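Heads up, the thing below is written out as structure tokens.
This structure is a prediction, so every number in the text was calculated from the model and none was measured.
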Amino acid sequence: MGSRISQRASRVSIIKLALLAGCALGAAGTAQAQDATAQDQAAENDAVAADEIVVTGFRQSLEAAINLKRNSVGAIDAIVAEDIAKFPDQNLAESLQRIPGISITRDAGEGRAITVRGLGSQFTRVRVNGLETVATSTDGASANRDRAFDFNVFASELFSSIVIHKTAEASLDEGSLGAVVDLNTGNPLAAKAGFTAVGSAVVSYNDLSEYAGPRLAGLLSWRNDAGTFGVSLSAAYQKTQVLELGNNTVRWAQARFDSVNGTPCFQQSAANTAGRPNSGGVYRPSAACDQATLSFHPRIPRYGEVKHDRERLGITGSIQFAPTDMTKFSIDGLFSRFNSDRRERWGEVLFRSNERSIDVINPVYDANNNMISGTFNDAWVRTEHYLRESTTEFYQVGGTWDQDLSDSFRFTLLGGISKSTADIPVETTIVFDDRDAQGYSYDYSDMKRPKLTFGTSVTDPAVFQLAEIRDRPSEIVNQFKTAQLRTEWDVAEGFTIKAGVMWRRFEFDTVAFTRDTAVCGNGGLDRVLGTVTCSPTAAFGPAAIYGLPVTAQISELFELGKAGQPAGNTNAWLVPNLDTAAEFTKLYSRPLALDAGNNRGVQETTKGGYVQFDAKGELLGVEYALNAGIRYVKTEQSSYGLVGTVDRTVERSYDDWLPSANLAIFPTQNVILRFAAADVITRPTLGALTPGGTADGFNYRVSTGNPFLEPFRATNYDMSAEWYFAPQAVLSVAWFKKNIATFTRSDSITELTYAQTGAPVTSLNPSSPAAINPSQLLEPRWVLSTTVNGEGATLEGWEIAAQIPFSAFTDGFLGNFGILANATFISSDADYQLQGPITVANQPNGNLGPLTNVNVTNTLANVSKRSYNGTFYYDDGKFSARVMATYRSRWHEGASGTGNILEGFGSQFNLDASIRYKVTEWLEVSLEGNNLTDTYRYRFTDFDADRNYENNHFGRTFFLGARFKY
């Protein structure tokens, strides 16, 4: 463009195009766009039509996003839907991963949570239509009981834009070390006059589950001719079924075995001459037994299937009324229901806590001290069937009053409530055991694809006994209430003072119960039906009674599909039939017992305000724009939890002053240099604030909370350079650094008896080994841990991004192509105090040595050192096609367990593609494919040894659909 005026006019035209397409920029973003429109209206009217570049389709959404980025003083990125029900991806998290500096974690093949510039989801705040909220789902291996936002709760069709604020401002909500993410729904006053109807119908198909399901979305909108009143209503529905197939170890561990290659590892004492080889006795050191003891073996090696049945329903509504040019009222509502059934079927060996009875034959060890293969007799074979039924409901209602009191003074009054409820009425597991199986073998020579072979029958009901039943219903509730007043005063040309106050209350409550029990205790009648006489716990062999008889009526045959298993693997086994087995054991008639560690809550009330100074002008012939200010917030926290059987509440408060500044310099009209600095906070992890604790009778650990944890505090620095060298084009590079003053860490005391931990016996899960065998409570094997504030850490990185339409260099057919690409490089250092491997096979007192305390320096949790994203597209306004690839290098999630150091995920690559064709002005058809390479997700349980935690895949998903607009 030839002048600053024509450039500004083009920017406004693009923003209006985005708004006409249904883009809502949230409370702050909408105000910014409206202000720009008002200030530049005259310039727009004077602009020459030939000076403007009008684009449609995918390129239209790219241009709207790039102009939001260009017009901001702080560092932001945006994704804008070109129209309702046409978000660039099927999942909000998957769209976010295409932004520089953002990576995602997946559940069942779908994006669930995000990491921004190396900081995990708990460090990111999310706002929906300007109101901070938390959406909690129970999907995945575990429920979300933290501050993280689960993006898989919502259908992406409900949203028309996402704006990511990477630098802080005094006027921006606090609570993020990483970013503030704005999710925005419809804006009826920005639509065309009259009635608008948009709808889409898509069939999704997953090639692993072989399931086809519907995906429907629609919008109804009306605006009067005067543009003073508008109303819109949108809805989206989706039903899917995804299979997750692969293997799992539930970590690796060290332990003493009964014998190794015929060498007994225990001898009976003089007082116990009648003792058996499978229990009791005194450890007998030897080279073979010591090597097996100190090596790591998989705790529960297994293959299996996880089936995810999901159903989403989402509804949004908006009413806007602008009686004058100076007044506007908006009411926005959002409702979402996410039903998810997770069903698991596993065939495994329970080495965990049972090694004492197992004989090892021909073990093979690798350079990382892993027992990677061997054959095992007297093994504890287990098959299990698990079902969790869950429903997540989210609703939010918010209102906004925008008022201009004069040409220079205006205010926005914003308020609303939101509630997210994750309910699990059923979380059931039923277990079959064969506790003296012969000839079991595993081979982890290929750590990702082990061979697991059962030497005895696992398809004969007579081999098994029904040994455990479990049911763990629970509920999680998050609630937000918000009230804010924002004011702006244009003191002089190019100088504005912004000030505001806010009140916000966040409430988190979780309650959980258990019906768990082992069928047999230490002899006597069984605990379930009272019809079987159980053997003493020490009994061993084919005659031992530890469960109820298994029949064909309460069992079913499971056959493993394509799980990446090698030839020779056992691929079929008997599992419980949940319906008939639950009825047979009267599981759901059993009384509920309180799960003490998961009955807890936190209430946080934040009060505060801010003042911010915005200025723009020219200095020494160079244009600039800046904002600088300070935000004050007082946090009043009340947390409760069970300490034994007593409900304890702890209250505390703390204050924070958070200065921030952003500066944008324009050395030329197409180049922007940005600088930013800010003090930021993230409040402590919710689980760590519990006054009470949990007792883990499987891993012999008691964990307690710490309600006096200080928040994570950091100082962030950012610099970037952006070159807008052509319409729709930008090259940029950004540097960022985060000096984090304090992180939390675990602090532990080892070699305690259970009584010395202070936890009541009632806190133990009834089906855990420690509860079944009370003698383990007297052994000095217990660990007492809590969370404390530790030392800080640093994080530094670079983001490089390019948006290059070929139209910048050529016309015609080739000009319809384009590239989006970015790369992020992060370095970070954090010190971890962890529990590492056992190094002593036999102490002077005859006990196995304890886990060692180790200090480890590694990257921060969730930091991938490298991530890349690329999109190659074609768009001529009628036909469009895209190929999208993402890569993320390996990362850890923090402390592991059982002597492993830092567990996490291997590198991940995803390839997606999409084609669309506009048949008429009102009809468009599309075909899309996600995860086209069917990438496996590999998880390790030790950063350096790279021990397998799990390796699974989810299949490819295809979408065939049509969309209409009236």
Could you tell me the separation between the [atom1] atom of [X] and the [atom2] atom of [Y], rounded to the nearest 0.5 Å?
X	Y	atom1	atom2	value
Thr753	Tyr700	OG1	OH	14.5 Å
Asn247	Tyr938	CG	OH	9.0 Å
Asn900	Gln254	CG	CD	8.0 Å
Ser474	Asp595	OG	CG	8.5 Å
Leu560	Thr570	CG	OG1	10.0 Å
Glu468	Arg527	CD	CZ	10.0 Å

Plane angle bin for Trp782 and Tyr754 - parallel if under 30°, tilted between 30 and 60°, otherwise perpendicular: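 Correct class here is perpendicular.
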Parallel, tilted or perpendicular: ring planes of Phe376 versus Tyr440, cut at 30 and 60 degrees: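 Correct class here is tilted.
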Steps toward side chain to side chain donor-acceptor pair (under 3.5 Å) verdict (Ser259, Asp359): CA-CA 5 Å; Ser259 68; Asp359 299 309; 2.6 Å; yes
Identified ring pair (Phe, Tyr, Trp, His ring centres under 6.0 Å) partner of Trp252 from the options Tyr444, Tyr949, Phe296, Phe351: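 That would be Tyr444.
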Between [Y] and [X], do the side chains contain a donor N or O and an acceptor N or O under 3.5 Å apart?
X	Y	result
Asp378	Gln438	yes
Tyr386	Glu427	yes
Asn368	Asp366	no
Asn569	Arg449	no
Ser204	Thr957	no
Asp433	Gln465	no
Thr428	Asp471	yes
Asp443	Ser373	no

Do [X] and [Y] make a side-chain contact, defined as non-hydrogen atoms from C-beta onward lying under 4.5 Å apart?
X	Y	answer
Leu851	Ile838	yes
Asp942	Ser896	no
Asn577	His385	no
Thr421	Glu475	yes
Val532	Leu525	no
Asn948	Pro298	no
Asn571	Glu559	no
Trp380	Ile300	no

Criterion side chain to side chain contact (heavy atoms under 4.5 Å, CB included) on Ile545 and Ser535, from CA distance to verdict: CA-CA 5 Å; Ile545 304 299; Ser535 302; 3.7 Å; yes
Donor-acceptor check, side chain of [X] to backbone of [Y], threshold 3.5 angstrom: yes or no?
X	Y	answer
Arg299	Val250	yes
Thr249	Arg251	yes
Glu355	Ser353	yes
Thr456	Ala437	no
Asp934	Gly955	yes
Arg515	Arg590	yes
Thr293	Ala841	no
Arg356	Ser279	yes
Asn931	Thr935	yes
Tyr546	Ala518	no

Of all heavy-atom pairs between [X] and [Y], which one has the smallest distance, and what is that distance?
X	Y	value
Phe584	Leu529	O-CD2, 3.6 Å
Pro780	Asn847	CG-ND2, 3.7 Å
Gly521	Thr537	O-OG1, 3.7 Å
Val458	Ala572	CG2-O, 3.5 Å
Gly541	Asp436	C-OD2, 3.1 Å

Enclosure of Glu893 CD (heavy-atom neighbours >12, cutoff 6.0 Å):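 It does: Glu893 CD has more than 12 such atoms within range.
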Audit row: Asn339, Thr391, side chain to side chain donor-acceptor pair (under 3.5 Å) steps and yes/no: CA-CA 4 Å; Asn339 295 324; Thr391 298; 2.9 Å; yes
Test side chain to side chain contact (heavy atoms under 4.5 Å, CB included) applied to Phe432 and Leu466, step by step: CA-CA 5 Å; Phe432 289 169; Leu466 195 164; 3.9 Å; yes
Validation row, ring centre Phe954 to ring centre His308 under 6.0 Å: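 For Phe954 and His308, the ring centres are not under 6.0 Å apart.
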Val575 vs Trp346, side chain to side chain contact (heavy atoms under 4.5 Å, CB included): CA-CA, chis, key distance, verdict: CA-CA 8 Å; Val575 297; Trp346 299 99; over 6 Å; no
Arg937/Glu950 ion pair, N-O < 4.0 Å: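 Counted as a salt bridge, because a side-chain N and a carboxylate O are separated by less than 4.0 Å.
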Residues Lys307, Glu305: salt bridge by 4.0 Å N-O rule: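 Glu305 and Lys307: not salt-bridged.
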CA sep, side-chain torsions, deciding dist, call: Tyr588, Val426, side chain to side chain contact (heavy atoms under 4.5 Å, CB included): CA-CA 9 Å; Tyr588 300 121; Val426 174; 3.8 Å; yes
Side chain to side chain donor-acceptor pair (under 3.5 Å) evaluation trace for Thr263 with Asn261: CA-CA 6 Å; Thr263 300; Asn261 276 341; over 6 Å; no
Worked verdict on Asn842 versus Arg256 for side chain to side chain donor-acceptor pair (under 3.5 Å): CA-CA 10 Å; Asn842 191 44; Arg256 294 165 167 177; 3.0 Å; yes
